[in-house]
Amino acid sequence: MVDLLPAQSKGWQKIELMALEHFSRAGLQEIRTPIIEQTELFSRGIGENTDVVGKEMYTFEDRGGRSCTLRPEGTASVARAILQHGLLNNGPQRLWYKGPMFRYERPQAGRQRQFHQIGVEFVGLASVLSDAEVISIAWEFLKDVGLNDLTLEINSLGSNEDRNLFKEELKDWLNQRINLLDEDSQKRVNVNPLRILDSKNNSTKELLYKAPSLNDFLSNESKNRFDYLQELLENLNIPYKINKNLVRGLDYYSHTAFEITSDHLGSQATVCGGGRYDGLISELGGPKTPSIGWAIGMERLTILAGEKILHSKSPDVYVIHRGEKAEQLALKITCQLRAANLTIELDYSGSSFSKQFKRADKSRAKWAIVIGEDEASKDQLLMKKLRDNEKNEQSKEYIFSSVDIDQLITKLID
Ligand code: ATP
Ligand code: MG
């Protein structure tokens with residue numbers, strides 16, 4: 001688990017703000033659920049035989065003897081909250097969330113035990129239109145953050161019936177070749193054969209090229225659904241690749257599954273993963289409720305966004321001051337200008353004017369306000385332009401009385 005240091009938090013804030021803008025424009029509402037849930041929510045919702053539930057959860061008994069788990073993902077909690085509060089009585093829910101998730105994994109670049117996700121859930125919507133809209137929200141957001149080397153991979157997992165037929169066929173095929181599989185996959189053959197398709201083991205991957213394909217088991221209805229999704233994506237100019245082995249790690253997916261990957265993330269290539277989970281809400285005791293969503297990993301996203309996103313806004317004004325009376329005036333003017341929505345950095349070095357000017361320059365502020373003993377005694381401020389695009393401007397220095405703050409602001413935003 002890692003600390004997020006000030007140098008990084010700027011980038012995070014910017015990305016979170018951009019996400020919020022995208023979500024607001026798409027009419028989504030935020031939901032915040034607790035970090036701790038009853039363990040049963042995840043074992044039922046995600047599935048006992050998944051890696052997440054089987055190996056990765058932080059589970060403990062609380063003082064009341066209940067089994068609790070730090071949430072490993074957001075969807076099950078959102079589904080629980082929707083049911084518990086009867087939100088579906090108000091119609092389909094289009095929601096977003098963000099926050100820390102916990103999985104006991106081997107830490108490496110882009111993989112942590114506490115990590116952070118931003119996610120979107122459309123709950124109560126069955127149409128292919130909703131699949132395309134959900135994918136487009138992720139795609140446009142990631143592009144806006146500045147990532148343009150992304151690949152969208154899609155697949156159809158079909159309906160439950162399609163998948164059950166396929167599972168039996170795949171199981172037989174794999175059992176005939178059990179000695180050629182890696183150890184992890186051997187254990188999965190009978191409990192969760194679909195997950196083997198997702199194996200990262202090279203020789204298993206090689207073998208799987210010849211395995212039966214889920215696509216051949218899709219009913220006509222499922223096929224048409226998948227074709228229409230592709231048509232909608234083409235219509236939106238969102239490029240995609242079909243990846244027949246994309247099955248996703250959690251049990252609750254059906255029909256559309258997708259991932260957005262980048263070549264720049266090494267083996268942790270997936271920045272966004274999502275899909276349709278029509279069976280989850282009923283698995284948790286609710287009515288049959290078709291749903292689709294995705295989650296983006298913030299750590300991987302910030303690695304990809306890199307330096308580009310880190311340049312935070314430079315201050316409008318850097319306030320330079322010397323002496324006790326000047327200090328009071330400097331603090332007052334700083335607060336007044338911030339109240340006018342300007343970004344102000346107040347010097348704390350107490351060093352010579354020339355050193356303070358150097359700091360002002362380094363901050364990339366457009367203006368400096370200078371208050372020395374002399375100015376302070378006359379209740380005046382000297383305002384000096386530090387950066388200028390208009391070459392023919394005569395004077396770059398202005399004197400204002402501290403009571404004429406409105407005039408000063410007019411000049412600043414001029
Ligand atoms: P992976 O195959 O990389 O383990 P996953 O399928 O387990 O990913 P999801 O459950 O789909 O991941 O979560 C969605 C996104 O959350 C991932 O694409 C990734 O960006 C991020 N994520 C998942 N696990 C971690 C982790 N341990 N550390 C950092 N980010 C993670
Ligand atoms: Mg994982």
Side-chain angles (χ1 to χ4, degrees), residues 1-4 8 12 15-16 19 35 42 45-47 49-58 69-79 96-121 134-135 137-139 141-142 145 147 150-155 157 184-185 188 192 194-201 204-205 243 245-254 256-277 280 291-305:
M1 302 191 187
V2 302
D3 294 310
L4 189 64
Q8 301 159 300
W12 280 59
I15 289 175
E16 285 171 352
I35 284 168
F42 303 115
I46 301 175
N49 296 320
T50 58
D51 278 358
V52 170
V53 173
K55 308 191 220 167
E56 297 174 359
M57 293 203 304
Y58 280 89
T69 293
L70 298 184
R71 63 181 183 196
E73 54 104 53
T75 305
S77 306
V78 170
W96 70 272
Y97 63 83
K98 70 164 194 233
M101 308 293 162
F102 304 83
R103 296 185 193 175
Y104 193 81
E105 301 199 74
R106 192 166 68 80
Q108 52 202 292
R111 191 176 295 284
Q112 297 171 191
R113 290 182 173 170
Q114 175 175 337
F115 62 101
H116 298 77
Q117 287 184 334
I118 292 190
V120 162
E121 313 289 359
V134 159
I135 293 175
I137 293 171
W139 186 258
F141 164 58
L142 291 173
V145 170
L147 317 190
L150 298 170
T151 307
L152 167 67
E153 296 183 9
I154 59 172
N155 192 22
L157 304 180
D184 258 358
S185 298
R188 282 187 178 134
N192 198 351
L194 276 187
R195 286 287 282 127
I196 299 178
L197 299 180
D198 199 25
S199 169
K200 309 275 188 290
N201 181 285
T204 300
K205 265 165 123 177
N243 175 354
N245 288 339
L246 196 162
V247 288
R248 312 268 311 122
L250 319 180
D251 268 359
Y252 52 54
Y253 290 108
S254 53
T256 306
F258 62 96
E259 290 190 351
I260 301 176
T261 59
S262 162
D263 293 339
H264 297 296
L265 279 172
S267 50
Q268 271 56 256
T270 310
V271 64
C272 173
R276 180 158 278 288
Y277 52 95
L280 176 63
S291 309
I292 182 163
W294 52 252
I296 285 177
M298 276 297 286
E299 282 76 10
R300 295 186 197 175
L301 178 53
T302 49
I303 291 174
L304 286 175

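Note that ligands are numbered from 1 as they come in the structure, with each ligand's atoms numbered from 1 the same way.
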Just do the side-chain contact (heavy atoms from CB on, under 4.5 Å) check on Ser262 and Val271 with the steps written out, would you? CA-CA 7 Å; Ser262 162; Val271 64; 5.5 Å; no

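- Distances between N or O atoms of Lys200 and those of ligand 1 include no value under 3.5 Å.
- Residue contacts with ligand 1: Arg300 is placed with a nitrogen or oxygen under 3.5 Å of a nitrogen or oxygen of the ligand (distance criterion only).
- When heavy-atom distances to ligand 1 are checked against a 4.0 Å cut-off, Glu105 comes that close only through its side chain, counted from C-beta outward.
- For atom 29 (C) of ligand 1, the choice among Gly110, Gly119, Gly273 with the nearest heavy atom turns out to be Gly110.
- Arg113 contributes a side-chain N or O that, together with a main-chain N or O of Glu105, makes up a donor-acceptor pair within less than 3.5 Å.
- Judged by distance alone, with hydrogens and angles left aside, the side-chain atoms of Asn243 form no donor-acceptor pair with the main-chain N or O of Glu153 at under 3.5 Å.
- Contacts of Val271 with ligand 1, taken as heavy-atom pairs under 4.0 Å, involve the backbone alone.
- Annotation: Glu299 places no N or O atom under 3.5 Å from an N or O atom of ligand 1; distance criterion only.
- Residue contacts with ligand 1: Gln117 is included, with a non-hydrogen atom under 4.0 Å away.
- Look at Asp51 and Arg195 and you find a salt bridge, because one of the NZ, NE, NH1 or NH2 atoms lies within 4.0 Å of a carboxylate O, short of that distance.
- Of the N or O atoms in Ala295, none lie within a sub-3.5 Å distance of an N or O in ligand 1.
- For Arg300 (side chain) and Thr270 (main-chain N/O), a donor-acceptor pair under 3.5 Å exists by modelled atom type.
- Among the candidates Tyr277, Trp96, Trp294, the single residue satisfying the side-chain hydrogen bond (donor to acceptor under 3.5 Å, both in side chains) test with Glu121 is Tyr277.
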